[in-house]
Number of protein chains: 2
Amino acid sequence: MMQHDEEPSANEAPADAWVGAVDLGKLAEGLGFALRRAQAAVAEDFAARFKDEDIRPSQFAVLSVLRGNPGLRQTQVSFALGIQRTNFVPLIDELERRGLAERRRVPGDRRAAALFLTKPGAALLDRLESIAHAHGARFAARVGGPDAFARLLRLLGCVADRTLDPEG
Amino acid sequence: MMQHDEEPSANEAPADAWVGAVDLGKLAEGLGFALRRAQAAVAEDFAARFKDEDIRPSQFAVLSVLRGNPGLRQTQVSFALGIQRTNFVPLIDELERRGLAERRRVPGDRRAAALFLTKPGAALLDRLESIAHAHGARFAARVGGPDAFARLLRLLGCVADRTLDPEG
DNA sequence: TATTGTTATACTCTATAACTATA
DNA sequence: TATAGTTATAGAGTATAACAATA
């Protein structure tokens with residue numbers, strides 16, 4: 001009766017035997033489905049590698065942007081990452097609570113908040129990027145090496161780029 | 001100022017001018033970030049094209065699998081699609097409520113439910129696949145043609161494939 | 001004992017409306 | 001009037017635990 005090596009959950013997937021036998025039909029040609037599966041695999045590896053750092057992809061992304069763009073406004077960071085500014089509030093709240101980032105008032109505009117990486121935040125980011133390097137290397141290996149990996153990133157960039165549409 | 005052509009929302013993104021100026025740093029080399037942006041673009045196009053059919057990607061996927069595999073058990077379909085069987089219940093519930101799919105008892109096992117596409121479900125699926133064809137064509141064009149698109153699908157398949165890892 | 005389908009539940013992510021204080 | 005940050009809220013998607021009926 002199909003024991004797994006990991007996952008003691010009672011709601012585990014049944015035998016893996018028949019899942020490969022399912023005919024996915026046109027679904028296998030779908031970009032959305034392929035992206036979903038790829039993202040699930042990447043998210044799984046991310047979760048495993050960053051478990052001890054207690055950091056989520058969006059938090060990592062914020063810290064990463066703050067390093068390259070200190071003093072950016074909240075709204076600028078949020079939309080650069082594709083996160084609505086309304087959902088960005090609790091995100092930066094937690095980073096600030098953990099002492100990894102901070103909001104500073106900007107002299108010219110009393111409404112705005114400029115974001116900065118703290119020293120502990122920068123130290124954490126160093127560690128995160130080192131882990132991320134190994135994380136990326138796993139998938140570079142899966143796709144067949146650095147060149148194929150670079151090709152994949154370029155293709156994904158095209159997918160996300162509206163300006164490449166026929167009408168402009 | 002700064003009026004958009006669409007989106008009357010009050011929570012819209014501010015000027016698009018400065019978002020391109022943000023330095024994403026190492027984030028731009030991240031597979032997870034690239035996948036996120038690509039998936040957002042694909043989801044946006046999907047939502048626009050399938051709006052009138054009132055169908056979500058997961059529902060489309062179920063109908064698609066049922067055509068190629070009539071009589072499959074609920075759990076088999078759900079795990080073939082990477083959906084937990086517990087979350088699959090309300091999904092198939094709604095498809096059945098809308099008369100697009102149906103559960104039938106299987107003779108040998110009184111616990112199991114075999115899933116089938118109904119005639120209206122098959123008719124809808126025909127329409128959906130026609131829309132999906134145009135949907136896919138948009139992104140094939142974005143990445144530079146059918147060959148590049150096929151290459152992208154193959155690379156994404158590698159990303160999702162654990163068996164390609166060094167250790168096996 | 002294990003499996004199938006199910007319910008209940010919780011947590012994250014995302015989306016919209018509306019408020020405040022500024023500009 | 002418009003913008004920056006915020007709050008509240010609702011909807012998806014996803015996760016685990018536990019149950020009844022059946023194997």
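Both backbone and side-chain heavy atoms feed into the values below; hydrogens, waters and symmetry mates do not. In this text the structure is predicted, and so the values were computed from the model without any measurement. First the proteins, then the strands, lettered A, B, ... as listed; each starts at 1.
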Checklist entry - How many Å lie between CD on B/Gln76 and P on C/dT3, as a whole number? => result 14 Å
Checklist entry - Would one find a side-chain N or O of A/Gln84 under 4.0 angstrom from OP1 or OP2 of C/dA15? => result yes
When the side chains of residues 141-155 of chain B are checked against the rest of the protein, which donor-acceptor pairs come out under 3.5 Å, sequence neighbours left out?
residue: B/Arg142; atom: NE; partner: A/Asp165; partner atom: OD1; Å: 2.7
residue: B/Arg142; atom: NH1; partner: A/Val159; partner atom: O; Å: 2.6
residue: B/Arg142; atom: NH2; partner: A/Asp165; partner atom: OD2; Å: 2.9

Next on the checklist: Less than 4.0 angstrom from a charged side-chain N to a carboxylate O is my criterion; do A/Arg67 and A/Asp126 meet it?
Outcome noted: yes
Next on the checklist: Under the rule for side chain to side chain donor-acceptor pair (under 3.5 Å), what residues qualify as partners of B/Asn69, not counting sequence neighbours?
Outcome noted: none
Checklist outcome for this item: Under a 4.0 Å heavy-atom cutoff, the residues of residues 30-51 of chain B touching DNA chain C are B/Arg36
Checklist entry - For D/dA4, does OP1 or OP2 lie under 4.0 Å from any side-chain N or O of A/Gln74? => result no
Checklist entry - With distance as the sole criterion, do the side chain of B/Thr86 and the base of D/dT14 form a donor-acceptor contact below 3.5 Å? => result no
Next on the checklist: Can you list everything that forms a side chain to side chain donor-acceptor pair (under 3.5 Å) with A/Gln74? Sequence neighbours excluded, please.
Outcome noted: A/Arg103
Checklist entry - In whole angstroms, how far is the P atom of D/dA12 from the CD1 atom of B/Ile83? => result 15 Å
Item to check | Strand contacts (DNA chain D) in residues 99-115 of chain A, 4.0 angstrom heavy-atom criterion | outcome: A/Arg103, A/Arg111, A/Ala112, A/Ala113
Checklist entry - Rounded to whole angstroms, how far apart are CZ on A/Arg85 and C1' on C/dA18? => result 12 Å
Checklist entry - Sequence neighbours excluded, which residues qualify as side chain to side chain donor-acceptor pair (under 3.5 Å) partners of A/Arg127? => result A/Glu53
Next on the checklist: Nearest whole Å is fine: how far is D/dT6 C1' from A/Arg73 CZ?
Outcome noted: 16 Å
Which atom pairs, donor and acceptor, lie under 3.5 Å between side-chain atoms of residues 56-65 of chain A and protein residues at least two apart or in another chain?
residue: A/Arg56; atom: NH2; partner: A/Glu94; partner atom: OE1; Å: 3.0
residue: A/Gln59; atom: OE1; partner: A/Arg56; partner atom: N; Å: 2.7
residue: A/Gln59; atom: NE2; partner: A/Glu94; partner atom: OE1; Å: 3.4

Checklist outcome for this item: Of B/Asn87 and A/Arg56, the one whose closest nucleotide on DNA chain C sits nearer the 5' end is B/Asn87
Checklist entry - Taking all non-hydrogen atoms of both residues, which atom of B/Ala160 and which atom of A/Ala41 are closest, and how far apart? => result CA-CB, 3.8 Å
Checklist entry - Who pairs with A/Asp52 by side chain to side chain donor-acceptor pair (under 3.5 Å), at least two apart in sequence or on another chain? => result none
Checklist entry - What is the distance from CZ of B/Phe88 to P of D/dG13, rounded to the nearest Å? => result 13 Å
Checklist entry - How close or far is atom C1' of C/dG5 from atom CD1 of B/Ile92, stated in whole angstroms? => result 12 Å
Next on the checklist: Considering only residues two or more places apart or on different chains, which pairs with a residue in residues 104-115 of chain A satisfy side chain to side chain donor-acceptor pair (under 3.5 Å)?
Outcome noted: A/Glu102-A/Arg104, A/Asp109-A/Arg111
Checklist outcome for this item: B/Glu96 atom CD is separated from C/dT6 atom C1', nearest whole Å, by 14 Å
Checklist outcome for this item: Result for 5'-nearest mapping on DNA chain D, choosing between B/Ser58 and A/Asp93, is A/Asp93
